[in-house]
Student: 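Mind having a look at this structure? Questions to follow.
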Amino acid sequence: MSYKPSEIEAKWQKIWEEEQAFEPSDSTTQKKKYILSMFPFPSGRLHMGHVRNYAIGDALARYYRKQDFNVLHPIGWDAFGMPAENAAIKHGRHPKEWTYSNIDYMRKELNTLGLSFSKTREFATCDEVYTKHEQKFIIEMYEKGLLYRESTTVNWCETCHTVLANEQVEEGCCWRCDNPVELKEMPGYYLDIISYADELLDDLTQLEGKWPSQVITMQRNWIGKSQGLEFKFELTKESKAKLDGKFDGYEVFTTRPDTIYGVTYSALAPEHPITKYLVEKGLLDAEVAEKIKAIANMTEVERAQQDKEGYPLGISVIHPLTGEEIPVWTANFVLASYGGGAVMAVPAHDERDFEFATKYKLPIKRVIEGGDELPYTGSGTLIDSDRFSCVENEEAKIAIINYMEEEGKGKGTTNYKLRNWGVSRQRYWGAPIPFVHCDDCGLVPEKTENLPVALPEDVEITGEGNPLENHPTWKHCKCPKCGKDALRETDTLDTFVQSSWYQFRYATNPKKWDEVGIDKEEANYWLGVDQYIGGIEHAILHLLYARFFTKVLRDLGYHDIDEPFTRLLTQGMVLMDGAKMSKSKGNTVDPDALVEKYGADTARLFILFAAPPQKELEWNDSAVDGAFRFIKKLYDRKSKVTGSALPNIDHSSLSKESKLARQKVYEALQKSKDVYESTFAFNTLIAACMEALNALDKQDNGDVWTEGMYVMLNLLEPIIPHVTTELSEELFNRANLKAVLEVKEEVFVQESILYVVMIGGKKRTEIEVSPSASQEEILAAAKEAGEKWLNGMQIVKEIVVPNKLVNLAVKPVN
RNA sequence: GCGGAUGUGGUGGAAUUGGUAGACACGCCAGACUUAGGAUCUGGUGCCUAACGGUGUGGAGGUUCGAGUCCUCUCAUCCGCACCA
């Protein structure tokens, strides 16, 4: 019987389904593993990246199941989001219908790959029962002060018609459609992720060695913590008067308080309230006002590409320590979103300030010794700094902060690059933000018993404006507090909110899904996820948000977990001709076609064999053939098996070839633990199995074949589950798939040992010696064998590395 | 500019952590067999050389009996962040 993947695979997929083979047990005491591959967006079809992601996760899940762990290996659908609305606009399909029919199709595709997912725990994030609990969390966050609404400058994508979070802006463009992001002032809801910045930063140390260092570093940089001094610049009397008494000064932040005596000007962002006031009240030269407005209309990225540009505002502030008058400018390099949108400028010791001062001929005052020329940003001793002169600058930083605090003029403080997470989206296909606007009561959360606030289905999706806003009735409601007519919030939540807590949802028994969002006991048992697998593109977005949500939900009492993902594996991309597979480039391989042609096992084997999971994988059609060939060969060799259980073998009576075959088999077994539990280098385990099969092929002992297949089918089952289970059923009644196998040390005992003989550091020849040979005997044998290269040489040093080699260091005889 | 990685045959990639570089596979070459198949099997295959031998892990140094692996410098490529005061 030749290998027929389609029959074997269909057969076992059906049996697994009937046996409910992959459901976790309800026990919360058994040893457990939670293996999670990032859930897919139901775009319509699987791509190779998905196959890779799930092949890796499935191998681990199956491995641990065999080691007697209670394994949670779930799958679901990240189902809200723009593409569903785009499909609605393009093809006139309702986003809900589009999404659920895509899910049905993709579920079938996943099935044909033989992935060992729990079927009962599957859900889509657009299920109303999921929205219900999410809205409850959101309301609780609001009540705790972690969610707030404010009007501010936001990133706006005109093509997607929505606001974007800072994390969703890549090089000034929308992460999804790549259009340049515009700035716009509008109200929105924000989650106070900054209040968790310190914990998010500190807990990264727990992840070291378990997450890729690159991801940890990216998160650390993204949070961007810096410590320094915050103080207030008082406006001069005249300046206050000019500003109609509306302002008396402004706060600035610096990480270099040691350079405070070098301040020669101060600069405000074009969006700073004082700048705005001056512009709006016509207190500036009309031409200058126009230029400032022009800068304010530019995005941060555009500004970064411009030369330094700025204008004097005709006002001054007082230096808090020297009492000197300092001119105030507005400048395009001052960011509104950081440090209060205002800086103290020290041109002598800051490159940007220097460039600006040089351009506008502002004074430059050196206050730190060192370097040949200015600007000098290194360390050194302070000069011209009053009582702090002669102090080393690192000391001076602390001393100046202390002094300012004592004098009540400022305080030591911490700043973050991280911005609060804007979660409002002006789109239809998302979870509605469960609030109501009441003329009398203001912003009021919906009553818990009324959740979920579900989406209306009768909407017209045109791409123009928010369909919820345009819906005739949906937004009209009663105030949950006073009962008067009120307006429902029409913004929906960022889809990253859903993916921030789904890992807890799977851990909750589906029987409780309606009643609770997260079951505390089960969450504490299953989380953290023992192995999380996904693409590196989520290094800051999803992985930061999910860490944040975990901590917030912990503090709301839903569980006691600090970090959601204990270990993280970031898989490499799947490439074709050196480029990422994509429909637009036309360099894709369709998983369905591959499975149809070769079967799921071949697809999985190739994907795990072609490269280590962390690396990029270059597609190669003929290497797929190679993977297929290996499985065929494995299948064919079932005829060599003579027994139905693990035989007892008298190792010493075997032929040399049989001994070697056993050795290769057990080498593979030895390797497997390391591969499945730590390195994930499936390619090397597969190679070891290929070596073992090649070695078995060179001998003909039935017992050795039986043992070899018994072990190899066990090792390969997580990778190529259908064919191995089929063979295992036929040959061993599946006993070898349940067993935890032990290495038989006797196969590694050698009758003679091969030593490499190196002379002068170069490999010259080999010798075979008995394992009991003494060092002297080995050296004597090596010298004899290497005689030819020792002629005219004097041995200056002799090294014997046990079981490996002999190295004779030589020099010519004089 | 800052941060993180990665450089090994024609290709994908191994190398027990300082001990025979190139396992395993693809490709290629030669041969066998055939019930012409997605065949299969056998042998070969880093480079230079007729051979002895030499040489070889991006490059240059260094440590060592011995370096792909450790150290210093350097080049190249990729990724992330980017006026963060």
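In what follows, every chain begins at residue 1, and chains take the letters A, B, ... in the order their sequences are listed. Quick caveat, the model's predicted, so the values are computed rather than measured.
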Student: Counting only heavy atoms from other residues, nucleotides and ligands, does the tally under 6.0 Å from CD of E596(A) exceed 12?
Tutor: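 Atom CD in E596(A) is not packed in, count stays at 12 or less.
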Student: Quick test of your reading: applying salt bridge (charged side-chain N to carboxylate O under 4.0 Å, His left out), list the pairs with at least one residue in residues 670-698 of chain A, sequence neighbours left out, ordered by first then second residue.
Tutor: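 For residues 670-698 of chain A: K633(A)-D697(A), R637(A)-D697(A), K664(A)-E691(A), K673(A)-E677(A).
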Student: Touch check for A610(A), heavy atoms < 4.0 angstrom, all strands: base, sugar-phosphate only, or nothing?
Tutor: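 Sugar-phosphate only.
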Student: Would you mind calling rU17(B) syn or anti? Take O4'-C1'-N9-C4 for purines or O4'-C1'-N1-C2 for pyrimidines, and syn is within 90° of 0.
Tutor: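 rU17(B): syn glycosidic orientation.
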Student: If we take the P atom in both rA76(B) and rG22(B), what is their distance in whole Å?
Tutor: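 My reading of the P atoms in rA76(B) and rG22(B) gives 32 Å.
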Student: If you assign each of K698(A) and V301(A) to its closest nucleotide in RNA chain B, which residue comes earlier from the 5' end?
Tutor: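 It is K698(A) whose nearest nucleotide is closer to the 5' end.
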Student: Assign K671(A) to base, sugar-phosphate, or nothing according to its heavy-atom contacts below 4.0 angstrom with the strands shown.
Tutor: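 Since no nucleic acid heavy atom lies under 4.0 Å of K671(A), the category is nothing.
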Student: Can we say E300(A) and R303(A) salt-bridge, meaning some charged N sits less than 4.0 Å from an Asp/Glu carboxylate O?
Tutor: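 Salt bridge flag = no for R303(A) with E300(A).
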Student: R419(A) near the nucleic acid: base, sugar-phosphate alone, or nothing, with a heavy-atom cut-off under 4.0 Å?
Tutor: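 Here R419(A) touches no strand at all.
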Student: List for me each residue that meets side chain to side chain contact (heavy atoms under 4.5 Å, CB included) alongside A357(A), sequence neighbours excluded, and say none if there are none.
Tutor: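 Listed in chain order: Y265(A), P347(A), L362(A), I364(A).
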Student: List in chain and number order the residues that pass side chain to side chain contact (heavy atoms under 4.5 Å, CB included) with E208(A), two or more places apart in sequence or in another chain; answer none if no residue qualifies.
Tutor: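 Result, side chain to side chain contact (heavy atoms under 4.5 Å, CB included) vs E208(A): T205(A), I216(A), R220(A).
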Student: Strictly below 4.0 Å, heavy-atom distances to any atom of RNA chain B: list the hits from residues 621-628 of chain A, or just say none.
Tutor: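 Those residues whose heavy atoms fall under 4.0 Å from RNA chain B, taken from residues 621-628 of chain A in numerical order, are S622(A), A623(A), G626(A), F628(A).
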Student: Between residues 337-354 of chain A and RNA chain B, which residues have a heavy-atom gap below 4.0 Å?
Tutor: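 Listed by number, they are Y338(A), V343(A), R352(A).
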Student: In residues 589-599 of chain A, which residues come under 4.0 Å of RNA chain B by heavy atom?
Tutor: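 Hits under 4.0 Å, by residue number: K597(A), Y598(A).
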Student: Only counting residues at least two apart or in another chain, list the ones meeting side chain to side chain contact (heavy atoms under 4.5 Å, CB included) with Q775(A).
Tutor: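 In terms of side chain to side chain contact (heavy atoms under 4.5 Å, CB included), with neighbours along the sequence ignored, Q775(A) is linked to L779(A), V800(A).
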Student: Distance between the P atoms of rU55(B) and rA21(B), in whole angstroms?
Tutor: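 rU55(B) and rA21(B) have their P atoms separated by 13 Å.
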Student: If we take the P atom in both rG12(B) and rC47(B), what is their distance in whole Å?
Tutor: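 One P to the other, the span is 16 Å.
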Student: Chain A on RNA chain B: first and last contacting nucleotide, 5' to 3', under 4.0 Å to a heavy atom?
Tutor: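 Under 4.0 Å from chain A, the extent on RNA chain B is rG3(B) to rA85(B).
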Student: Hey, could you give me each pair passing salt bridge (charged side-chain N to carboxylate O under 4.0 Å, His left out) that has a residue in residues 607-620 of chain A? Not counting sequence neighbours.
Tutor: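 Every pair satisfying salt bridge (charged side-chain N to carboxylate O under 4.0 Å, His left out) with a residue in residues 607-620 of chain A: there are none.
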Student: What does E691(A) touch in the nucleic acid at a heavy-atom separation under 4.0 angstrom: a base, only the sugar-phosphate, or nothing?
Tutor: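 If one applies the 4.0 Å heavy-atom cut-off, E691(A) turns out to touch the sugar-phosphate alone, with no base involved.
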Student: So what does F609(A) touch, heavy atoms closer than 4.0 Å: a base, only the sugar-phosphate, or nothing?
Tutor: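 Base contact.
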Student: Does the ring of F333(A) carry K308(A) above it, NZ/CZ under 6.0 angstrom from centre and within 45° of its axis?
Tutor: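 Ring-cation test returns yes.
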Student: Could you check whether E355(A) gets within reach of a base, just the sugar-phosphate, or nothing at all, counting any heavy atom under 4.0 Å?
Tutor: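 Nothing: the residue E355(A), judged by heavy atoms under 4.0 Å, touches no strand.
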Student: How far does the P atom of rG3(B) sit from the matching atom of rU74(B), given to the nearest Å?
Tutor: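 Comparing P positions in rG3(B) and rU74(B) gives a spacing of 14 Å.
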Student: Test of understanding: with salt bridge (charged side-chain N to carboxylate O under 4.0 Å, His left out), list the residues that count as partners of E309(A), not counting sequence neighbours.
Tutor: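 None.
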Student: Does anything in residues 209-222 of chain A come within less than 4.0 Å of RNA chain B? Heavy atoms only, and list the residues if so.
Tutor: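 Contacting residues: S213(A), Q214(A), T217(A), M218(A), N221(A), W222(A).
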Student: Using the glycosidic torsion, which applies to rG9(B): syn (within 90° of 0) or anti (everything else)?
Tutor: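 Nucleotide rG9(B) adopts syn.
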Student: Centroid separation under 6.0 Å, is that true for the rings of F628(A) and F630(A)?
Tutor: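 Ring centroids of F630(A) and F628(A) are no less than 6.0 Å from each other.
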Student: Quick one: list whatever passes salt bridge (charged side-chain N to carboxylate O under 4.0 Å, His left out) with E351(A), sequence neighbours left out.
Tutor: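 Result, salt bridge (charged side-chain N to carboxylate O under 4.0 Å, His left out) vs E351(A): none returned.
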